[in-house]
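Some notes on the structure that comes next.
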Amino acid sequence: MSNSSHQPLATSHSSYSPQITADGSYTFFSAEFGEAYHSQFGARQEAEFKFVEPTKLRQKARQQKSLRLLDVCYGLGYNTAAALAAIWEENPNCEIEVAGLELDPTVPQAAIAHNLLDNWSPLLPQLTQLATTHQVTSDRLQAKLLLGDARQTIQTLQASGFQADAIFLDPFSPPTCPQLWTVEFLGYVARCMHKSGILATYSCAASVRSALQVAGLKIGSTSPVGRRSPGTVASWHDSGLPSLSQEEREHLQTRAAIPYRDPQLCDPAEIICQRRVQEQQTSCLEPTSRWRKRRSRDV
């Protein structure tokens, strides 16, 4: 996960201290956001199980000669690295186009400097070039990092006609970085997805799921990986999507499902959160706390 909405603090590679996770791979901790970039379960496994597998990239690689990936919050580069490895394992000739959105170029650069991408050593030349020059052009890979506030770069990408077969939605958590979970931002993200594409995110927040639905997407639930809660997948069609549980469907009928809104795609986090609280306070939906109490009595 990476912040693509605030101006980064002045930093250097030495400002990032690698932290080991349970699968032996490393992550960074963001002092600004008070969150690690990955779960302690395992940074590499999170990339594979939360993003690569749910977007069915291995199956798509066997069926298609080319694939397009959109990595929202490129961060350390794990999600893209895991995707490239999986695709080329299935189809070494597959041509891949990657668009990564990232505010702070020092994050992927620090990951390279600390040798955190050595798990994907065959890809190190391309990943290093992408982190350093923000662009890769080769026979099999066309990749670019779009640097800046993702709320602006997603509009540029959408205007270019980019249509992703897989989208990795991996910002910091909604309460911490609401700018990248709003109805408006996710609407642009959805418009960058091919009609047969799949979006995956670690979040199961009702606010996120309802925003994806407002964008016109169908949603499903993925297995928990490193967290107690499941993730979410979304596509234009519900065929093949794992079903939501009864509890998850009910949760979407409570005030927790009121999404974040950022009409002009430029408001700070505090304003976006205040706007949602005000909407919740005047909503006719059942308060989430009351629903939870009622549900616990019914179980």
Taking side chain to side chain contact (heavy atoms under 4.5 Å, CB included) as the test, write out the residues that go with A131, two or more places apart.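 Residues passing side chain to side chain contact (heavy atoms under 4.5 Å, CB included) with A131: P108, Q109, I112.
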
Looking at residues at least two apart in the chain, or sitting in another chain, which of them share a side chain to side chain contact (heavy atoms under 4.5 Å, CB included) with I20? Y26

Do you reckon [X] sits in the same ILVMFWY cluster as [Y], going by side-chain contacts under 4.5 Å, direct or chained?
| X | Y | result |
| --- | --- | --- |
| L76 | V136 | yes |
| V189 | V233 | no |
| L69 | L146 | yes |
| V98 | V72 | yes |
| L130 | L147 | yes |

Is the closest side-chain donor-acceptor distance between [X] and [Y] under 3.5 Å?
| X | Y | value |
| --- | --- | --- |
| Q278 | R275 | no |
| T106 | Y16 | yes |
| H194 | S196 | yes |
| S245 | E248 | yes |
| T288 | R255 | no |
| T132 | T128 | no |
| S173 | T176 | yes |
| Q59 | Q63 | no |

Answer yes or no: is there a side-chain heavy-atom contact under 4.5 Å between [X] and [Y]?
| X | Y | result |
| --- | --- | --- |
| F28 | P18 | yes |
| L241 | S235 | yes |
| K50 | T222 | yes |
| H134 | P105 | yes |
| Y74 | T80 | yes |
| T254 | L285 | no |

Output, in order, the C-alpha distance, side-chain angles, deciding distance and verdict of side-chain contact (heavy atoms from CB on, under 4.5 Å) for F29 and S17. CA-CA 7 Å; F29 182 84; S17 179; over 6 Å; no

Interatomic distance, [X] atom [atom1] to [Y] atom [atom2] [nearest 0.5 angstrom]:
| X | Y | atom1 | atom2 | result |
| --- | --- | --- | --- | --- |
| L244 | C204 | CG | SG | 10.0 Å |
| I219 | L199 | CD1 | CG | 11.0 Å |
| T153 | L101 | OG1 | CG | 4.0 Å |
| K218 | L212 | NZ | CG | 12.5 Å |
| L124 | S121 | CG | OG | 6.0 Å |
| E95 | S138 | CD | OG | 9.5 Å |

Minimum heavy-atom separation for [X] to [Y], with atom names?
| X | Y | result |
| --- | --- | --- |
| P259 | S207 | CB-O, 3.7 Å |
| I272 | R261 | CG2-O, 3.7 Å |
| W236 | A190 | CZ2-O, 3.1 Å |
| A215 | L186 | CB-O, 4.1 Å |
| S203 | V208 | OG-CG2, 3.7 Å |
| S39 | T21 | O-CG2, 3.7 Å |

Could you tell me whether a side-chain N or O of [X] sits under 3.5 Å from a main-chain N or O of [Y], the two making a donor and an acceptor?
| X | Y | value |
| --- | --- | --- |
| N91 | A61 | yes |
| S283 | E279 | no |
| D262 | D267 | yes |
| E53 | E48 | no |
| Q142 | T137 | no |
| Q135 | A143 | no |
| S30 | E35 | no |
| Q64 | S66 | yes |
| Y202 | T232 | no |

Hits for salt bridge (Lys or Arg N to Asp or Glu O under 4.0 Å) against D23, two or more places apart or cross-chain, chain-then-number order -> none

E286 bridged to R294 by N-O distance under 4.0 Å: yes

Does the pair I87 and L67 meet the rule for a side-chain contact (heavy atoms from CB on, under 4.5 Å), with working shown? CA-CA 9 Å; I87 292 167; L67 289 169; 3.8 Å; yes

side-chain contact (heavy atoms from CB on, under 4.5 Å) evaluation trace for K60 with T55: CA-CA 9 Å; K60 289 176 181 286; T55 51; 5.9 Å; no

Tell me, with the steps shown, if Q281 and V277 meet side-chain contact (heavy atoms from CB on, under 4.5 Å). CA-CA 6 Å; Q281 290 172 343; V277 169; 3.6 Å; yes

Residue pairs, two or more places apart or on separate chains, that pass ring-ring contact (aromatic ring centres under 6.0 Å, His included) and touch residues 83-110: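 Not a single pair qualifies under ring-ring contact (aromatic ring centres under 6.0 Å, His included).
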
Any pair with a residue in residues 249-277 that passes ring-ring contact (aromatic ring centres under 6.0 Å, His included), sequence neighbours left out, goes on the list, sorted by first then second residue, please.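 Sorted pair list: H251-W291.
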
If you take the centroid of each ring, where Trp contributes its six-membered ring, are H38 and Y78 closer together than 6.0 Å? yes

Any chance the rings of Y37 and F172 have centres within less than 6.0 Å? yes

Run the numbers on R151 and E184 for salt bridge (charged side-chain N to carboxylate O under 4.0 Å, His left out), then give the verdict. CA-CA 9 Å; R151 293 177 292 180; E184 293 78 13; over 6 Å; no

Under 3.5 Å donor-acceptor pairs involving side-chain atoms of residues 158-169, not counting sequence neighbours:
unit_1	atom_1	unit_2	atom_2	d
S160	OG	L157	O	2.6
Q163	NE2	R191	O	2.8
D165	OD2	R68	N	2.8

